[in-house]
Amino acid sequence: MSPSPTSTPDLIEVCRHFPLLGQFKGGLPYGSGHINDTFCVVFDQAGTRVRTILQRINQRVFKNVPFLMENISRVSAHLTNHVSGQAGADTSRRVL
């Protein structure tokens, strides 16, 4: 059974599914969205505190999550191609 949209997931377990570096220090709900749930997690990377935002997609609203993620990937690739043509563009900071 998947967690309800208002429950807080095991953020350590969730983070294991992503290539996040460093030692997990903690995480909390972030913001007050009405559709998806957002969490801010903190990692220690060799003495530097690094924050990362994670978002749980509401599958009651977005019924076809693989299609949604493919769409996000296509839009991001398009934007990367567009931005990379600009002089001095840092695509890692301007595109997902």
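A side-chain contact (heavy atoms from CB on, under 4.5 Å) with Ile57 holds for exactly one of Asp37, Val65, Ile35; it is Val65.
Here OG of Ser73 is found 11.0 Å from CG of Leu68. Values are rounded to the nearest 0.5 Å. One distance of note links CZ of Phe24 with CD of Glu13; it measures 11.5 Å at 0.5 Å rounding.
Scanning all heavy atoms of the two residues, the minimum distance from Ile53 to Cys40 falls at CD1-CB, 3.9 Å. A pairwise comparison of heavy atoms in Gln59 and Lys63 identifies O-CD, 3.7 Å as the closest pair. For the residue pair Arg56 and Pro9, the shortest heavy atom distance occurs at NH1-CD, 3.9 Å.
Between the Gln45 side chain and the Leu21 main chain, a donor and an acceptor come within less than 3.5 Å of each other. Side chain of Asp44 to backbone of Arg49: no donor-acceptor contact under 3.5 angstrom is found.
When the side chains of ILVMFWY residues are joined at heavy-atom separations under 4.5 Å, either directly or via intervening members, Leu20 and Ile12 end up in a single hydrophobic cluster. Both Val61 and Ile72 belong to a single network of hydrophobic side chains, linked directly or stepwise wherever heavy atoms of I, L, V, M, F, W or Y lie under 4.5 Å apart. Both Phe18 and Phe43 are members of a single hydrophobic cluster when ILVMFWY side chains are connected at heavy-atom separations under 4.5 Å.
Heavy-atom neighbours of His17 NE2 from other residues, nucleotides or ligands within 6.0 Å: above the threshold of 12.
Side chains of Leu54 and Val14 form a contact here, defined as non-hydrogen atoms less than 4.5 Å apart.
A ring-centre distance under 6.0 Å is not found for Tyr30 and Phe39.
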